[in-house]
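Just so you know, ligand 1 is whichever comes first in the structure, and atom 1 is the first atom listed for that ligand. Counting from 1, the numbers follow the sequence of the chain as shown. Just so you know, these numbers come straight off a predicted model, no measurement behind them.
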Amino acid sequence: MANTPLLAVATLAIAYAGYWIFKVIAIRRFYRNVPGPPHTFLLGHAKVLGEYQAKFPAMTSIQSALTQMKHDFDLPDIWYLDLWPFGPQIVICSSPDSAAIPSTINAMDIASDVTAFFDKNLGTGFIEAQNGPTWKELLHIIAPPLTPSATRAYHATIVEEAKIFHDRLQKTALQDEPIDIFHETGKYAFDVVSRVFFGSEVRLRSQTTYCLLYESLLGLGEIVGELVLMLNPVAKRPLIKERDRLVAGMEDEINKIIDSRFAVLQQKGSSLTKDSATTILDRMLLAKVQSNQPVDARLRRLILDNTKGVLAAGFGTTADTIVWLLLLLSHFPEVLAKVREEHTRVFSPSFDETLSLLESDPSRLKQLEYTTAFIYETLRFFPVGPPFREPPASMKSFTYKNVTYPVNGHRFEILTHAIHHDPAVFPSPKEFLPERHLPLSNPPYSRNAYRPFERGPRACLGSTLATEEMRILLVMLARTFDFEHLPVNVPDKPRVSHTDMDVTMGDVAFGVARFTAGPRGPVKMRVRRSKV
Ligand code: HEM
């Protein structure tokens, strides 16, 4: 009798161990019959992924390693990645046709891992973390101010901010000292998206808030990237503390903005309508203003999370892409010459005249075929990261090109980076060739091939705004300045076979993990006044 508790504990322990042994065997056996890179019983694909991550500079986003694995192991359109128990089990779609399965053919939900990723930083109320009715509710509020026609109304704002950026660079050019260009592009992209979100009135009255939000989002992006790649829970602790401090500071400031804006809107009362509420913040507050009710806890949480989320989504990705654009202008003089020629032809040789034409006739931006192709090619090389999708619980398998693939609790990942670097999709993918996107109205690749803003119902809401920001900025900067990148760690030969961009621009060629894959900072550049 004295041994009964001991026996019960031992039986439980054996049953528990048996359960785990059975689970490990079942999980690992699954990968015997599906395509994928080399797999081990103990570590699944974590071993090969670790080996591939080691080929790149520290903190490189996982998408580069996965693309290289696809090249080296000649992996097919659809393959599997077993990161259990360290991470999710994934079906990887690495061709244009297979990428359509989770995005446009099935329009799958955002994966729960993505929602979990946003927890405690941007917040799970952020539209990109949501599915179902809350996503739809947010879509109806956030999408209208970002449609192509609504974006036209921001032209003057964007030109104004681009001029401020231009004038800041003028001062830098006089000093001839290298600068961290990311900080400059970051301010521009943040200024634009914060005006779209809050409206110009709020931003102009809250310089301190704006700086705090900007600096906090920058810090948060770095911390989030480190946390994703870090396994040691003890080493994570100080980072988590700093993350929580940054988030609390941001939320305090956003709460102040919500309260003061709500008070202003309440004074307008019933005169505030769907048409007059043009900013995202005003649209989020509209129903409460109209019904004369206070901002309740649920709405406040949604506003907090979507303020952090839209500002981060809107400024980080755009600022990163502008950095890549300037890096490429610095390293590819023949591209720079064509961009400049087009700006002179479509606008004017004179900067002042160009500026006034941008203000009076922004429709000329549509004629910038080569400049737009240059932006597209930059986004082909440097996509922001792989979208994750969750199959519906009812989906047990799917068929692709007459082969049936089991789903078995896996997520879907669209490996945009591999598609964009696939020679079967984009011939000579290592070459930086804006011309490959021409004519823009009918480019020579399938519509599922090029997906920097993703496709389907969960595609980027800010793609038009971002493209306009980049086009306008290029018109304002490309002829005034010469950008000289000062690269770090330039190897003699390429580190990997899918790209040789590192031989040109050094370590920065491999995007680092933050909220999205961006250029490795600091990106040192010397900015001089151009002699053209
Ligand atoms: C070059 C700039 C940009 C790039 C490359 C980019 C790329 C993307 C991609 C690939 C997604 C899909 C993510 C996924 O499915 O997991 C996305 C979603 C999103 N983007 Fe962008 N984006 C850019 C700029 C912007 C801007 C300027 C804004 C807002 C002002 C914005 C707002 C959003 C939002 C709200 C979503 C979530 C949509 C949803 O879940 O329904 N983005 N973006």
Side-chain angles (χ1 to χ4, degrees), residues 61 63 93 99 102-104 107-115 117-118 122 124-132 134-147 150-151 154 157-158 161 185-186 188-198 279-281 305-325 372 375-376 378-390 411-417 419-420 450-471 473-474 511 515-519:
S61 156
Q63 61 180 349
C93 302
S103 58
T104 40
M108 288 180 192
D109 277 353
I110 293 289
S112 51
D113 313 66
V114 175
T115 308
F117 169 74
F118 285 128
L122 300 183
T124 54
F126 174 36
I127 183 171
E128 202 172 332
Q130 280 290 332
N131 292 302
T134 308
W135 171 70
K136 274 204 182 125
E137 176 190 343
L138 291 167
L139 188 72
H140 284 130
I141 294 170
I142 297 172
L146 295 170
T147 59
T151 303
Y154 301 124
T157 302
I158 302 174
E161 294 299 340
T185 65
Y188 165 67
F190 185 87
D191 281 337
V192 172
V193 73
S194 72
R195 288 179 74 171
V196 171
F197 195 94
F198 297 128
T279 69
I280 298 174
L281 178 61
D305 290 358
N306 282 284
T307 309
K308 288 180 290 172
V310 175
L311 292 186
F315 117 84
T317 46
T318 314
D320 285 348
T321 309
I322 297 170
V323 172
W324 300 124
L325 289 167
T372 309
I375 294 170
Y376 285 7
T378 302
L379 282 164
R380 179 184 73 81
F381 253 86
F382 300 109
V384 296
F388 266 89
R389 297 289 182 267
E390 185 122 350
R411 313 271 176 271
F412 280 72
E413 177 173 327
I414 299 166
L415 195 51
T416 311
H417 190 268
I419 301 172
H420 285 187
Y450 183 65
R451 42 198 321 131
F453 295 107
E454 243 315 284
R455 295 179 47 76
R458 301 307 296 256
C460 178
L461 294 178
S463 58
T464 308
L465 178 69
T467 309
E468 288 304 66
E469 275 179 76
M470 293 190 272
R471 285 204 288 210
L473 192 68
L474 285 171
F515 283 117
T516 49

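In this comparison of Ser103, Cys460, Ala517, the heavy atom closest to atom 25 (C) of ligand 1 sits on Cys460. Checking Pro145, Ala189, Pro452, Gly462 against atom 32 (C) of ligand 1, the nearest heavy atom belongs to Gly462. Between atom 39 (C) of ligand 1 and the options Glu413, Arg458, Arg389, Glu469, the minimum heavy-atom separation is to Arg458.
Ring-plane geometry between Phe382 and Trp324 is classed as parallel, the angle between the planes falling under 30 degrees on a 0 to 90 degree scale with a further cut at 60. Note: His420 and Tyr450 have parallel aromatic rings, judged against thresholds of 30 and 60 degrees for the angle between ring planes.
Under a 4.0 Å heavy-atom criterion, Val384 is in contact with ligand 1. Distances from ligand 1 to the non-hydrogen atoms of Met470 include at least one value under 4.0 Å. At least one heavy atom of Thr318 sits less than 4.0 Å from an atom of ligand 1. Residue contact check for ligand 1: Gln130 places no non-hydrogen atom closer than 4.0 Å to it.
Looking only at protein heavy atoms, the nearest one to atom 23 (C) of ligand 1 is Thr317 OG1, 3.2 Å. The protein atom (non-hydrogen) at minimum distance from atom 26 (C) of ligand 1 is Gly314 CA, 3.4 Å. When only non-hydrogen protein atoms are considered, atom 6 (C) of ligand 1 lies nearest to Phe453 CD2, 3.6 Å. In this structure, the protein non-hydrogen atom closest to atom 34 (C) of ligand 1 is Leu461 N, 4.1 Å. Protein heavy atom in closest approach to atom 38 (C) of ligand 1: Ala459 O, 3.8 Å. Looking only at protein heavy atoms, the nearest one to atom 36 (C) of ligand 1 is Glu128 OE1, 3.8 Å. For atom 1 (C) of ligand 1, the closest non-hydrogen atom of the protein is Thr321 OG1, 3.4 Å.
Of the possible polar contacts, none joining the Tyr154 side chain to the Arg195 backbone as a donor-acceptor pair under 3.5 Å is found. Put simply, the side chain of Glu413 never gets that close to the backbone of Cys93: no donor and acceptor are under 3.5 Å apart. Between the side chain of Glu161 and the backbone N or O of Val192, no donor-acceptor pair lies under 3.5 Å. Thr115 places a side-chain N or O within donor-acceptor distance of the main-chain N or O of Ala129, the cut-off being under 3.5 Å. Remark: the backbone N or O of Gly132 is not paired with any side-chain donor or acceptor of Asp109 at under 3.5 angstrom.
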Stepwise side-chain contact (heavy atoms from CB on, under 4.5 Å) check, Thr147 with Thr464: CA-CA 7 Å; Thr147 59; Thr464 308; over 6 Å; no

Steps toward side-chain contact (heavy atoms from CB on, under 4.5 Å) verdict (Arg411, Glu390): CA-CA 5 Å; Arg411 313 271 176 271; Glu390 185 122 350; 3.8 Å; yes

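Counting the atoms of ligand 1 from 1 in the order shown, those under 4.0 Å from a heavy atom of Pro387 are 14 (C), 15 (O), 16 (O). Taking every heavy atom of Val193 and a limit of under 4.0 angstrom, the matching atoms of ligand 1 come to 30 (C). Counting the atoms of ligand 1 from 1 in the order shown, those under 4.0 Å from a heavy atom of Trp135 are 39 (C), 41 (O). Remark: ligand 1 atoms within the under-4.0 Å shell around heavy atoms of Ile127 are 35 (C), 40 (O). Residue-ligand proximity, Leu465 to ligand 1, at heavy-atom distances under 4.0 Å covers atoms 30 (C).
Under the 3.5 Å distance criterion, with hydrogens and angles disregarded, no donor-acceptor pair is assigned to the side chains of Ser103 and Arg458.
Results of the side chain to side chain contact (heavy atoms under 4.5 Å, CB included) test with Ile414 over Pro383, Pro386, Pro387 single out Pro387 as the only residue that passes. The side chain to side chain contact (heavy atoms under 4.5 Å, CB included) test with Ile158 is passed by exactly one of Asp191, Val196, Leu465: Leu465.
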